[in-house]
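In what follows, chains carry the letters A, B, and so on, assigned in the order in which the sequence lines appear, proteins first and then strands, with residues in each chain numbered from 1.
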2 protein chains.
Amino acid sequence: MDAESRILRDLNEPLVDHAEGQLFLNDAFKIIMEEVLCKGTDIKQKVCEWKEPEELSLLLDLELRATGEPRERLLQRVKDVAKYSIKTSHPRFFNQLFAGVDYHALAGRFLTEALNTNLYTYEVAPVFVLMENEVLRGMRQLVGWTEGDGIFCPGGSVSNMYAMNLARYQLLPDVKRQGLFGLPRLNVFTSSEVRNGHHTVSVGLPTCRMFNDDRRMDPVDLDEKIKLAKSQGAVPFLVSCTCGTTVRGAFDPLDLIADVCEKHKLWMHVDAAWGGSVLFSKQHAHLMQGVNRANSVAWNPHKMLATGLQCSALLLQDTMNLLRNCHSANATYLFQQDKFYDVKFDVGDKSVQCSRKVDCLKFWLMWKAVGSNGFADRVDKAFSHAGYLVDQIKKREGFCLLQEPDFVNICFWFIPPSLRGKEGNADYQDRLAKVAPVIKERMMKQGTMMVGYQPLGNKVNFFRLVVFSPVLSQKDMDFVIDEIERLGNDL
Amino acid sequence: MDAESRILRDLNEPLVDHAEGQLFLNDAFKIIMEEVLCKGTDIKQKVCEWKEPEELSLLLDLELRATGEPRERLLQRVKDVAKYSIKTSHPRFFNQLFAGVDYHALAGRFLTEALNTNLYTYEVAPVFVLMENEVLRGMRQLVGWTEGDGIFCPGGSVSNMYAMNLARYQLLPDVKRQGLFGLPRLNVFTSSEVRNGHHTVSVGLPTCRMFNDDRRMDPVDLDEKIKLAKSQGAVPFLVSCTCGTTVRGAFDPLDLIADVCEKHKLWMHVDAAWGGSVLFSKQHAHLMQGVNRANSVAWNPHKMLATGLQCSALLLQDTMNLLRNCHSANATYLFQQDKFYDVKFDVGDKSVQCSRKVDCLKFWLMWKAVGSNGFADRVDKAFSHAGYLVDQIKKREGFCLLQEPDFVNICFWFIPPSLRGKEGNADYQDRLAKVAPVIKERMMKQGTMMVGYQPLGNKVNFFRLVVFSPVLSQKDMDFVIDEIERLGNDL
Ligand SMILES: Cc1ncc(COP(=O)(O)O)c(C=O)c1O
Ligand SMILES: Cc1ncc(COP(=O)(O)O)c(C=O)c1O
């Protein structure tokens with residue numbers, strides 16, 4: 001084809017055929033329904049279909065080529081991707097801090113994808129600017145704030161990072177113009193469990209200081225460490241408490257920490273990425289007593305509430321536009337001041353992102369569907385499961401609880417018969433450390449369930465079972481215990 | 001209900017009914033198909049349904065309550081959200097650097113949402129670890145690298161931020177342990193268009209230095225500014241070039257800049273978030289001549305290639321694990337070293353995020369569907385549209401091009417009859433500045449199309465039309481010109 005006819009073709013033939021495309025989408029939807037949502041949640045089916053990387057690569061034929069493929073082939077690809085992916089909505093998936101499916105949330109996510117909205121201005125995202133606002137308001141209300149600010153971020157790590165940006169900017173507003181050069185030595189304080197259990201707080205950070213406490217932050221120690229840091233010329237600026245640590249689910253004593261923060265005039269951040277959802281529950285909200293005294297709270301509905309990835313909110317008590325002042329860059333192609341509507345609705349300038357996905361719709365639709373009461377039921381249900389599981393573990397020979405849980409993370413060892421009563425042996429810990437990895441390998445290769453394990457400090461590999469998916473029932477928990485025993489009895 | 005029976009209920013009644021949920025999802029899917037994908041792409045329908053924030057709030061009844069709502073009500077909500085949202089796949093949506101729909105990508109997005117995979121380890125994301133790897137390989141190949149590294153990030157701003165982290169870490173690896181205190185005064189260099197046109201490069205940054213060039217970075221000036229900075233005791237460490245600036249679509253001269261970077265041993269980053277897709281085109285890839293000499297490239301398929309939000313890759317030439325070394329925190333609950341498979345496949349540690357959404361599947365499926373050749377056609381088509389539009393603008397009275405474009409961003413003024421020939425008047429610029437906002441208001445209130453405008457430096461408000469959606473044809477572009485004239489002729 002010569003250049004001119006090519007241009008003519010370009011100008012007159014759209015490259016996407018809507019009718020054909022919609023047919024494809026329809027067929028893909030049916031496959032998703034069948035493979036991911038029906039089979040993928042059926043306990044008679046495997047939770048995973050283990051393949052070694054090399055073999056899986058071959059099976060999937062991932063290579064990208066110059067020419068496209070026919071429709072049937074592409075639909076088969078949709079099927080294969082589903083087949084070899086982990087079924088995270090399966091009732092025997094206990095591997096992470098998310099699990100289960102909520103169909104209202106999922107409908108919200110499909111709608112989000114189809115609309116493909118970019119949440120920067122009211123002009124392009126009228127519905128979602130208002131909706132995000134309302135969802136943040138609802139969440140702040142549970143924290144105990146009638147006013148405030150906030151934003152959805154792509155995950156809890158980013159929410160935590162924003163809190164640090166804000167704390168630093170409030171203390172040293174010149175940072176924004178002058179950069180980080182010549183700043184004093186800033187210090188952040190957080191508990192040792194965070195160091196062990198989660199890595200996000202270390203991002204972009206000055207020195208961290210840790211506490212030698214069992215699993216919760218010790219306010220007396222905190223006070224001393226702050227004084228020490230000051231006496232050494234450092235400038236403490238932020239205390240990051242945790243509500244629901246990643247591994248053990250511990251809750252820091254917020255009220256006592258708030259006293260220390262007030263005394264030293266430090267920004268108090270609460271990382272409630274995992275635990276924040278207890279705020280819905282009348283029975284369990286007390287775990288976060290004092291959260292209303294924080295400056296900022298990070299809370300991920302994509303964890304306990306099963307909204308699906310990604311859904312993480314940073315909530316702020318601030319009413320002085322700190323977030324916008326800290327992050328705004330006033331890009332003239334987005335945030336013109338001569339618009340025909342009130343530009344306070346152009347919220348994109350609060351973010352360091354430019355494009356920002358809509359993360360609020362799935363949560364909003366689900367909240368509309370089940371109400372705050374429905375969320376409370378889910379949280380309470382999770383605690384009931386945890387209580388039941390702890391009882392079973394205590395009763396069953398060969399199972400040993402790490403400690404009584406605060407939350408729904410149940411940490412325990414399985415001691416195979418060959419090791420029982422051998423606690424005194426020199427190689428006991430070494431041998432125990434090897435048990436969980438082998439059981440894990442076996443469960444995955446057989447596809448019966450997925451449970452995480454990890455070491456922590458001087459504690460060798462133990463299982464962490466997180467029981468909160470709304471699709472769980474008692475028999476799923478009985479199954480886990482029996483299955484671990486079955487898989488590990490010969491070790 | 002007493003506590004005991006509540007617990008019994010909790011243990012035995014799942015809170016999600018799969019059959020009911022799947023029915024809901026099915027119905028929601030039909031609404032999405034009808035409202036978003038059929039009506040939303042139909043030129044006989046409006047591209048937006050303008051409402052003032054207060055009115056829209058009332059219409060949507062956003063408030064979150066204690067009790068849930070019935071199914072029919074929820075389906076109506078899905079419809080309402082669709083109705084009042086902007087139709088970003090409509091052929092008359094020219095407002096941003098994304099537009100149009102690709103059904104293969106959309107099928108990939110629905111599958112991503114249903115699977116709800118978290119991309120941290122091979123254990124939970126076997127398919128997507130391998131797939132991301134292959135997609136990054138395919139993109140690197142277009143850059144001209146047979147080896148290297150990379151990662152998908154939640155947007156181009158984060159990709160750019162990562163490049164800075166890496167450049168700084170390479171220069172000063174102690175940053176990771178010791179924090180930012182006591183660092184020398186680091187300098188980043190970027191072009192003035194970036195300052196005006198886009199705000200992401202300023203995040204978390206030391207001082208920026210700008211260049212006085214028309215719209216592209218001037219290598220001679222760059223060299224001088226670097227020398228000056230050094231002579232003043234600063235430590236230059238990164239040059240960030242742009243391929244496809246946000247407003248004018250300018251491409252910096254990469255080969256000449258690479259010479260300067262080599263001379264001064266600086267990290268060369270290429271922000272090709274918007275322009276990177278020209279690499280698919282034999283005809284236009286020359287715009288990025290020299291990109292293979294960069295250390296890092298940020299490239300967003302969610303912009304020109306219509307994968308949908310979010311899809312942004314950071315590509316690296318490095319083969320020494322810089323990304324992992326810089327970002328890893330070795331969280332023991334994810335990245336155990338005693339796993340039963342090769343833990344090099346646990347890629348999550350390369351990210352500062354913890355949860356990370358799967359952003360590669362939609363792009364991979366689409367690439368499989370159209371092939372690299374299909375992407376080349378799309379890019380070429382966009383250039384054909386741009387060429388056509390420039391011709392029309394030049395021919396039409398009252399339209400004035402800002403300058404000849406490098407790319408598919410067409411920037412121009414509409415001069416209403418009352419202002420024509422009045423260039424000499426003292427209030428000419430002030431009056432011209434008011435034209436675009438009024439036309440914008442009118443087009444949105446009538447819902448006929450959406451086009452962005454902005455000022456830039458000493459240039460008053462002009463339109464920026466970006467023509468690249470694969471669903472466009474010539475009549476859509478003719479329409480835009482006619483419509484601007486119709487809406488602005490009385491001004
Ligand atoms: C306590 C805690 N904070 C923060 C995060 C990070 O959240 P995200 O995974 O959304 O980045 C996690 C994730 O597990 C967490 O457990
Ligand atoms: C040149 C350039 N770089 C970076 C970005 C940021 O990308 P994102 O919107 O994905 O954050 C943009 C967005 O428009 C851009 O135009």
Side-chain angles (χ1 to χ4, degrees), chain A residues 7 10-11 14-16 21 25 28 32 36 62 64 66-68 84-86 88 103 107 109 113-116 124 127 134 138 154-155 157 179-181 185 199 203 206-207 308-310 329 331-333 338 340 352-355 357 367 369-373 381 384 437 441 454 470-471 474, chain B residues 7 10-11 14-16 21 25 28 32 36 62 64 66-68 84-86 88 103 107 109 113-116 124 127 134 138 154-155 157 179-181 185 199 203 206-207 308-310 329 331-333 338 340 352-355 357 367 369-373 381 384 437 441 454 470-471 474:
Chain A
I7 291 177
D10 285 348
L11 291 177
L15 284 174
V16 163
L25 189 63
I32 292 169
V36 184
L62 291 167
L64 298 164
T67 51
Y84 295 108
S85 288
I86 304 298
T88 65
Y103 292 93
R109 294 157 75 191
E113 295 302 319
L115 285 168
N116 199 31
V124 289
V127 173
E134 170 60 17
S157 309
L180 301 171
F181 175 67
R185 185 150 52 85
H199 60 250
V203 174
T207 330
L309 271 184
Q310 55 198 41
T332 53
Y333 63 97
D338 52 9
F340 63 97
V352 302
Q353 297 189 272
C354 177
S355 294
K357 223 178 136 58
W367 200 330
V370 303
S372 310
N373 294 343
K381 178 179 164 72
S384 296
E441 174 170 3
Q454 64 281 298
V471 307
Q474 184 178 328
Chain B
I7 290 177
D10 283 348
L11 290 177
L15 284 173
V16 163
L25 189 62
I32 291 170
V36 184
L62 291 167
L64 298 164
T67 52
Y84 295 108
S85 288
I86 303 298
T88 65
Y103 291 93
R109 294 157 76 190
E113 295 302 319
L115 285 169
N116 199 31
V124 288
V127 173
E134 170 60 17
S157 310
L180 300 171
F181 173 67
R185 185 151 51 84
H199 60 252
V203 174
T207 331
L309 268 186
Q310 55 197 41
T332 53
Y333 63 97
D338 52 8
F340 64 96
V352 303
Q353 297 190 273
C354 178
S355 294
K357 222 176 138 57
W367 199 330
V370 303
S372 310
N373 293 344
K381 178 180 163 73
S384 296
E441 174 170 4
Q454 64 282 299
V471 306
Q474 183 178 329

#### Entry: With Q454(A) via side-chain hydrogen bond (donor to acceptor under 3.5 Å, both in side chains) - residues at least two apart
none
### Summary
side-chain hydrogen bond (donor to acceptor under 3.5 Å, both in side chains) filter on Y84(A), not counting sequence neighbours, yields none
### Message
Can you confirm whether E113(A) sits close enough to L309(B) that some side-chain heavy atom of one is under 4.5 Å from a side-chain heavy atom of the other?
### Response
no
## Note on the structure
Closest non-hydrogen atoms of I7(B) and S384(A), given as atom of the first, atom of the second and distance, are CG1-OG, 3.7 Å
### Message
If we define contacts as heavy-atom pairs under 4.5 Å, which of Q474(B), R109(B), K357(B) has the most with chain A?
### Response
R109(B)
### Leading residue by heavy atom contact count with chain A [cutoff under 4.5 Å; candidates L115(B), L64(B), T67(B), N373(B)]
L64(B)
### Query
Do you know which of S355(A), G138(A), G155(A) has the most heavy-atom pairs under 4.5 Å to chain B?
S355(A)
### Task
May I ask you to test the K381(B)-L11(A) pair for a side-chain heavy-atom distance under 4.5 Å?
no
### Query
At a heavy-atom separation under 4.5 Å, does A28(B) approach chain A through its side chain, its backbone, both, or neither?
side chain
### Query
Would Q310(B) and Q310(A) count as a side chain to side chain donor-acceptor pair (under 3.5 Å) if you check the C-alpha gap in whole Å, the side-chain angles of each, and the deciding distance to 0.1 Å?
CA-CA 11 Å; Q310(B) 55 197 41; Q310(A) 55 198 41; 3.3 Å; yes
### Summary
Whatever's closer than 4.5 Å to a heavy atom in chain A on V471(B) counts as both
### Least distance between heavy atoms, Q353(A) atom then S157(B) atom
C-OG, 3.6 Å
### Task
Please look at I32(A) and chain B and tell me whether the side chain, the backbone, both or neither of the residue comes under 4.5 angstrom of a heavy atom of that chain.
side chain
### Task
Output the option from A114(B), A66(B), S372(B) having the highest count of non-hydrogen pairs under 4.5 Å with chain A.
A66(B)
### Task
Tell me, out of T88(B), V16(B), V127(B), N116(B), who's got the most heavy-atom pairs with chain A below 4.5 Å.
N116(B)
